Each structure stands twice: as structure tokens, then as C-alpha cells.
Amino acid sequence: MAAPASDRLILPRYRRDPEGTHPPLGSPGYGSTRLRHPKQPLVLLPQKLTEVTGPLLGPGRVGAHDNDLTVQHDGEPQGQRIIVHGRLLDSDGRPIPDSLVEIWQANAGGRYRHTGDNWPSPIDPNFTGVGRTVTDSAGRYEFTTIKPGAYPWRNHDNAWRPAHIHFSVFGQAFPQRLVTQMYFPDDPLFFQDPIFNSVPDEKARQRMISRYDHSRTTDHWALAFEWDIVVRGREQSVFEDEEDE
């Protein structure tokens with residue numbers, strides 16, 4: 001006997017992003033995509049119970065100073081202290097609470113603390129450049145960190161990456177993971193950065209740029225930048241059961 005309609009699990013269906021929202025997998029201006037992107041068309045898999053009931057990435061994974069990158073070592077890091085804050089939202093504008101947000105970035109001199117980064121800018125012994133936090137009940141997150149510097153790379157002649165912070169966020173389900181980059185307003189390097197310009201939609205590109213927030217700037221302490229992150233929301237239609245006809 002079939003279960004009553006009220007007892008049946010109705011799984012959410014995720015809205016596909018409009019064409020042009022995300023960069024193409026192979027972006028000619030960004031040379032290394034030739035080695036990174038899939039060679040075959042992606043296969044879209046249905047969202048089932050396993051995908052929409054996890055992950056368990058809650059407060060147990062976050063330490064006391066994980067969201068303040070300026071106090072993780074014995075001394076203070078060099079550079080301009082900043083506060084980066086915002087909200088994690090679904091595409092219907094609803095907050096996503098209790099969600100893990102991770103960041104990684106270069107130091108004030110534009111250098112990552114990584115063996116693969118060896119351009120002649122000093123490593124800051126008091127700055128690792130990695131942080132994490134969990135959104136609150138209103139979907140808010142906040143980090144205290146150092147404004148990253150621009151850095152050179154070998155993608156094209158005289159190539160410099162604009163200052164940016166990498167973000168990894170999760171929605172209410174594992175497939176909602178999003179890895180993106182936050183930029184700073186009025187950066188003079190936007191014009192020649194193939195990663196920033198690989199996003200075809202001009203409005204989508206502007207959504208990657210934070211805004212200066214004077215109301216949250218702390219006198220004699222830190223500048224503040226606000227940046228909301230929107231992941232896919234739920235768009236579920238109402239269906240009639242065949243048994244109801």
C-alpha cells in the first residue's frame with residue numbers, strides 16, 4: 001500500500017544558474033584551465049537523500065581564533081587590518097544558518113604561505129592566511145584579517161592578480177558547496193585579470209566585489225568590507241498525486 005502523500009519525502013529541486021553566470025570551464029585567457037577542466041560534458045545527477053541531508057560541518061570544526069587571522073600567532077601580522085563580514089543567503093534571499101565558511105588568502109605583500117609560492121616578497125611569520133567560521137541564525141559571518149596584496153603570476157606578460165580572498169561555503173546540502181573569490185572595490189588590476197574577467201556576465205562580476213562599510217569600520221583599528229554570498233535556493237513546484245485524480 002502506498003504511503004499517504006503527507007508522509008512522503010519531497011526532495012528539493014535546485015534552480016540552475018542562468019547562462020553566463022559562471023565562467024566557461026575552458027577560459028582561453030586563463031592558461032592553466034587547459035589542464036584543469038573536464039574533457040567530457042558534465043553529467044547532472046539527481047539530488048537524493050544523501051546529498052540533501054549533509055554535511056555535518058558545524059561548530060565542532062571551528063577553533064576559538066579561527067575567524068581572527070590576526071591573533072593566530074605569537075606576534076601581529078604586517079599590513080592593513082580589515083573586517084570582512086556579510087551574510088550567506090539562498091537565491092530567494094533566505095539566510096543559511098549553521099553553515100561552514102572557510103577563507104584563504106595571500107599576506108599583505110601578496111605572498112601565500114605555500115611551498116609553491118616563491119616570488120621575492122617576504123613571508124610573514126605571524127600570518128598563515130587561513131580561517132573558518134560558522135554562520136549564525138541570521139546567516140551572518142565575520143572575519144578579522146589583513147588586506148591581501150597583489151601578486152605576479154606567469155599567465156601573461158606583466159600579469160598581476162588583483163587583491164582577493166578565496167571563499168569556500170556550504171549551503172544546506174553538500175552539492176551546494178561554492179568556491180569563489182572576493183575582490184575589493186576600485187582595484188586598478190581588474191582590467192587585465194583573466195580570472196575576474198572570465199565571468200561573462202558583467203552584473204555577476206560586480207557581485208564578486210565587496211563594498212567598503214564605514215559603519216562597521218573600527219576607529220584606530222580596522223577597515224570593514226561587506227560581502228554577501230548567495231548560493232542556490234530551492235524552487236519547488238506543487239505537484240498533484242496521480243492517486244488524487
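Predicted model, so just to flag it, every value in this text is computed and none were measured.
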Student: Any chance you could measure Glu102, atom CD, to Asn67, atom CG, to the nearest 0.5 Å?
Tutor: 13.0 Å
Student: Are the side chain of Thr135 and the backbone of Asp98 linked by a donor-acceptor contact shorter than 3.5 Å?
Tutor: yes
Student: Work out which heavy atom in Gly109 is nearest to a heavy atom in Ser121; give both atom names and the distance.
Tutor: O-OG, 2.9 Å
Student: Do Phe167 and Leu178 share a hydrophobic cluster (ILVMFWY, side-chain heavy atoms under 4.5 Å, transitive)?
Tutor: yes
Student: With a 4.5 Å heavy-atom cut-off, do Leu223 and Ile83 have their side chains touching?
Tutor: no
Student: Taking side chain as C-beta onward, heavy atoms only, is Asp136 less than 4.5 Å from Tyr141?
Tutor: no
Student: Please report the interatomic distance CZ(Phe143) to CH2(Trp227), rounded to the nearest 0.5 Å.
Tutor: 11.0 Å
Student: In Å, rounded to the nearest 0.5 Å, how long is the span from CG of Asn197 to CZ of Phe190?
Tutor: 9.0 Å
Student: Does Arg81 qualify as a cation-pi partner of Trp221, given the criterion of NZ or CZ under 6.0 Å from the six-membered ring centre and within 45 degrees of its axis?
Tutor: yes
Student: Looking at Glu226 and Arg87, is any side-chain nitrogen of the basic one under 4.0 Å from a carboxylate oxygen of the acidic one?
Tutor: no
Student: If you apply the rule side chain to side chain contact (heavy atoms under 4.5 Å, CB included), what do you find for Asp213 with His85, and how did you get there?
Tutor: CA-CA 9 Å; Asp213 184 358; His85 74 100; 2.8 Å; yes
Student: State plainly whether one hydrophobic cluster holds both Tyr212 and Ile229, where clusters connect Ile, Leu, Val, Met, Phe, Trp and Tyr through side-chain heavy atoms under 4.5 angstrom apart.
Tutor: yes
Student: For the pair Asp74 (side chain) and Asn126 (backbone), establish whether a donor and an acceptor sit closer than 3.5 Å, ignoring hydrogens and angles.
Tutor: no
Student: Considering only NZ, NE, NH1 and NH2 on the basic side and carboxylate oxygens on the acidic side, decide whether Lys203 and Asp201 come within less than 4.0 Å.
Tutor: no
Student: For Pro194 versus Asn155, what's the shortest heavy-atom pair and its separation?
Tutor: CG-ND2, 3.5 Å
Student: Arg113 versus Asn107: any side-chain heavy-atom pair under 4.5 Å?
Tutor: no
Student: Backbone N or O of Val179 within a donor-acceptor pair of the Ser168 side chain at under 3.5 Å?
Tutor: no
Student: Pair His166, Ile103 - check side chain to side chain contact (heavy atoms under 4.5 Å, CB included), show working.
Tutor: CA-CA 5 Å; His166 298 266; Ile103 64 171; over 6 Å; no
Student: I need the minimum non-hydrogen distance between Ala224 and Thr217, along with the two atoms involved.
Tutor: N-OG1, 3.1 Å
Student: Taking side chain as C-beta onward, heavy atoms only, is Ile195 less than 4.5 Å from Trp153?
Tutor: yes
Student: I'd like to check Tyr112 versus Ile123 (side-chain heavy atoms, cut-off strictly below 4.5 Å). Are they in contact?
Tutor: no
Student: Rounded to the nearest 0.5 Å, what's the gap from CD1 on Ile146 to CD on Glu76? Could you check?
Tutor: 8.0 Å
Student: Report yes if some heavy atom in the side chain of Thr145 is under 4.5 Å from a heavy atom in the side chain of Gln105; otherwise report no.
Tutor: yes
Student: Should we count NE2 of His73 as having more than 12 external heavy atoms under 6.0 Å?
Tutor: yes
Student: How about Thr144 and Ile82: do any of their side-chain heavy atoms sit closer than 4.5 Å?
Tutor: no
Student: In sequence, state the C-alpha distance, the side-chain angles, and the governing distance for Leu100 and Val62, and then conclude on side chain to side chain contact (heavy atoms under 4.5 Å, CB included).
Tutor: CA-CA 9 Å; Leu100 185 69; Val62 178; 3.9 Å; yes
Student: How many angstroms lie between CD in Gln78 and OG1 in Thr70, if you round to the nearest 0.5 Å?
Tutor: 12.5 Å
Student: Would a 4.5 Å heavy-atom cut-off, applied to side chains only, mark Val84 and Met182 as touching?
Tutor: yes
Student: Kindly check if the number of other-residue, nucleotide or ligand heavy atoms within 6.0 Å of NE2 (His37) is above 12?
Tutor: yes
Student: Over all heavy atoms of both residues, which pair between Tyr183 and Arg161 is shortest? Give the atoms and the distance, please.
Tutor: OH-NH2, 2.9 Å
Student: Give me the atom names and distance for the closest heavy-atom approach of Ala106 to Phe127.
Tutor: O-CE2, 3.7 Å
Student: Under 6.0 Å from the CD atom of Gln181, do we count more than 12 heavy atoms belonging to anything else shown?
Tutor: yes
Student: Hey, what do you get for CG (Asp68) to CG (Asp66), rounding to the nearest 0.5 Å?
Tutor: 10.0 Å
Student: Would Val199 and Met208 count as a side chain to side chain contact (heavy atoms under 4.5 Å, CB included) if you check the C-alpha gap in whole Å, the side-chain angles of each, and the deciding distance to 0.1 Å?
Tutor: CA-CA 10 Å; Val199 178; Met208 296 191 294; 3.8 Å; yes
Student: Assess whether ring pair (Phe, Tyr, Trp, His ring centres under 6.0 Å) is satisfied between His164 and Tyr151, documenting all intermediate values.
Tutor: CA-CA 10 Å; His164 60 279; Tyr151 59 82; 5.7 Å; yes
